[in-house]
**Q** 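Sharing a structure, written as structure tokens. Questions coming.
Nothing here was measured: the structure is a model prediction, and the numbers come from that model. Throughout, a chain's letter reflects where its sequence line sits, starting with A, and its residues are numbered from 1.
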Protein chains: 2
Amino acid sequence: MPQPDSLSLTQRLKQAGLRLTAPRKVILRVLDAADDHPDVEELHRRAQALEPGISIATVYRTMNTLAEHGLIERHSFAAGRARYEAQPAEHHDHFINLETGEVVEFRSDEIERIQQDIARAHGFEIVSHRLDIFVRPRR
Amino acid sequence: MPQPDSLSLTQRLKQAGLRLTAPRKVILRVLDAADDHPDVEELHRRAQALEPGISIATVYRTMNTLAEHGLIERHSFAAGRARYEAQPAEHHDHFINLETGEVVEFRSDEIERIQQDIARAHGFEIVSHRLDIFVRPRR
DNA sequence: CACCAATTGCGACAGATTCGCAGTTGAAAC
DNA sequence: GTTTCAACTGCGAATCTGTCGCAATTGGTG
Ligand SMILES: [Mn+2]
Ligand SMILES: [Mn+2]
Ligand SMILES: [Zn+2]
Ligand SMILES: [Zn+2]
């Protein structure tokens with residue numbers, strides 16, 4: 001059951017009872033424009049480009065707040081910095097191209113279904129999951 | 001194509017051209033005895049119990065070395081410390097019980113196959129992957 | 001327009017892991 | 001059995017990512 005994703009990030013932020021502050025306006029715009037999976041430093045860089053003065057601590061805190069409220073997803077594909085994306089309309093998993101660092105999204109209803117089946121067989125209920133596939137181009 | 005897993009960790013260590021030092025003897029024994037997914041602190045604790053004086057820096061370095069040579073697997077189920085296990089004979093994925101912290105292993109040949117198919121369809125070759133499923137007991 | 005809890009910027013702090021370095025030691029070669 | 005020396009170790013300092021305390025600011029409601 002995905003959330004009402006027809007709403008903009010801004011609308012969802014207010015709906016969650018959070019304040020639409022100046023830094024958040026900028027960060028939400030950055031997230032909305034992103035078609036990749038930027039880390040906090042990159043988000044900060046992009047936000048700074050739009051509006052200098054935003055603190056990186058605020059980016060960190062905002063990502064925490066947005067994640068807690070389900071407006072974004074946090075990933076940790078590799079060691080090091082976490083990476084983020086706006087909560088997608090439909091769940092997907094990721095290929096990480098080890099040669100380029102590029103991240104490609106995919107989705108398999110079949111895999112999703114099997115996960116459910118196995119979890120149920122073990123007496124579990126799935127809260128969340130992540131499937132990260134590290135790949136390289138076929139030669 | 002799994003590696004020659006019939007060999008003991010010790011044998012594989014030597015075969016990799018690594019030195020079988022006193023601390024490593026202990027750490028390998030700890031890894032071999034573990035049936036769970038301990039973190040560095042826990043490994044250090046267990047190693048200390050067998051042989052006081054082993055430094056945690058050595059445990060860190062040893063885990064890196066063993067991982068580089070494919071003798072162990074490193075996991076990061078949650079934020080915080082990484083967790084380890086001896087390279088299993090057969091690949092498996094993990095359920096993480098959010099209520100107890102317990103880790104349960106499972107394997108689905110079907111999921112593995114589908115991953116291969118999708119990767120191939122994208123022109124990728126899989127190097128590695130991880131599927132972590134965070135669950136709770138069904139009420 | 002006043003009010004006040006939520007939010008921000010800043011620098012200090014924390015947790016996990018890595019690193020530099022001097023001393024030790026496997027194990028290969030005498 | 002000795003010698004030899006690069007690999008390895010212990011220690012503490014350093015690094016890196018992320019969090020926190022606090023005083024100042026500010027959304028948004030009345
Ligand atoms: Mn999935
Ligand atoms: Mn798998
Ligand atoms: Zn994605
Ligand atoms: Zn496991």
**Q** Between B/Arg81 and B/Thr21, who's closer to the 5' end of DNA chain C by nearest nucleotide?
**A**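 Looking at DNA chain C, the more 5' nearest nucleotide goes with B/Arg81.
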**Q** Could you give the CD1-to-P distance, from A/Ile27 to C/dT8, as a whole number of Å?
**A**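 Checked: the CD1 to P distance equals 7 Å.
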**Q** To the nearest Å, give me how far apart CD (A/Glu42) and P (D/dT17) are.
**A**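 Answer to the nearest Å: 14 Å.
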**Q** Roughly how many Å is it from CG in A/Leu43 to P in D/dT17, rounded to a whole number?
**A**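 So the CG-P distance, A/Leu43 to D/dT17, works out to 14 Å.
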**Q** Is A/Lys14 touching bases, backbone alone, or none of the nucleic acid, heavy atoms closer than 4.0 Å?
**A**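 Sugar-phosphate only.
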**Q** Just to confirm, is there a sub-4.0 Å distance from OP1 or OP2 of D/dG18 to any side-chain nitrogen or oxygen of A/Asn64?
**A**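 No, no such contact exists.
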**Q** Please determine whether a side-chain nitrogen or oxygen atom of B/Tyr60 lies at a distance below 4.0 Å from atom OP1 or OP2 of C/dT17.
**A**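 So the side-chain polar atoms of B/Tyr60 do come within 4.0 Å of the phosphate oxygens OP1 or OP2 of C/dT17, strictly under.
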**Q** Can you check whether B/Ile54's main-chain N or O pairs, donor with acceptor, with B/His44's side chain at less than 3.5 Å?
**A**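 Side chain of B/His44 to backbone of B/Ile54: a pair is present.
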**Q** Could you tell me how far apart A/Leu13 (CG) and D/dG28 (P) are, to the nearest whole angstrom?
**A**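 After rounding, the reported distance stands at 9 Å.
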**Q** Any N or O donor-acceptor pair linking the side chain of B/Arg61 to the base of D/dG10 at under 3.5 Å?
**A**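 Check passes, donor-acceptor contact within cut-off.
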**Q** Distance check needed: D/dT19 C1' versus A/Ile56 CD1, whole Å only.
**A**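 After rounding, the gap between these two atoms is 13 Å.
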**Q** Test B/His91 against every option in B/Glu112, B/Glu105, B/Glu73 by the side-chain hydrogen bond (donor to acceptor under 3.5 Å, both in side chains) rule and name the one that passes.
**A**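 Result: among B/Glu112, B/Glu105, B/Glu73, B/Glu112 is the only option passing the side-chain hydrogen bond (donor to acceptor under 3.5 Å, both in side chains) with B/His91.
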**Q** Please confirm whether the shortest side-chain N or O distance from A/Thr58 to OP1 or OP2 of C/dG9 is below 4.0 Å.
**A**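 For C/dG9, OP1/OP2 do have a side-chain N/O of A/Thr58 under 4.0 Å.
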**Q** Considering non-hydrogen atoms only, spot the tightest contact between B/Ala82 and B/Arg74 and give its length.
**A**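 Minimum heavy-atom separation between B/Ala82 and B/Arg74: CB-CG, 3.9 Å.
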**Q** Between C1' on C/dA6 and NE2 on A/His69, what's the gap in Å once rounded to a whole number?
**A**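 It works out to 12 Å between those atoms.
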**Q** Tell me what A/Ala82 touches on the nucleic acid: a base, only sugar-phosphate, or nothing, going by heavy atoms under 4.0 Å.
**A**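 A/Ala82: backbone/sugar contact only, no base atoms under 4.0 Å.
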**Q** Which part of the nucleic acid does A/Ile54 contact within heavy-atom distance under 4.0 Å: base, sugar-phosphate only, or nothing?
**A**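 The answer is sugar-phosphate, as A/Ile54 gets under 4.0 Å only of primed atoms, P, OP1 or OP2.
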**Q** Whole-Å distance between D/dG18 C1' and A/Met63 CE?
**A**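 These atoms are roughly 13 Å apart.
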**Q** What is the distance, rounded to the nearest whole Å, between atom CG of B/Leu18 and atom P of D/dA7?
**A**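 Atom CG in B/Leu18 sits about 11 Å away from atom P in D/dA7.
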**Q** Regarding B/Leu20, tell me which of base, sugar-phosphate or nothing describes its non-hydrogen contacts under 4.0 Å with the strands shown.
**A**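 Sugar-phosphate: the residue B/Leu20, judged by heavy atoms under 4.0 Å, touches backbone atoms but no base.
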**Q** Over 60° means perpendicular and under 30° means parallel, so classify the ring planes of B/His37 and B/His94, tilted if in between.
**A**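 Ring orientation of B/His94 relative to B/His37: perpendicular.
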**Q** Taking atom types as they are modelled, is there a donor-acceptor pair under 3.5 Å from the base of C/dA27 to the side chain of B/Arg19?
**A**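 No.
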**Q** Scan B/Val59, B/Leu9, B/Ile72 and name whichever one has a side chain to side chain contact (heavy atoms under 4.5 Å, CB included) with B/Ile27.
**A**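 When side chain to side chain contact (heavy atoms under 4.5 Å, CB included) is applied between B/Ile27 and each of B/Val59, B/Leu9, B/Ile72, only B/Val59 qualifies.
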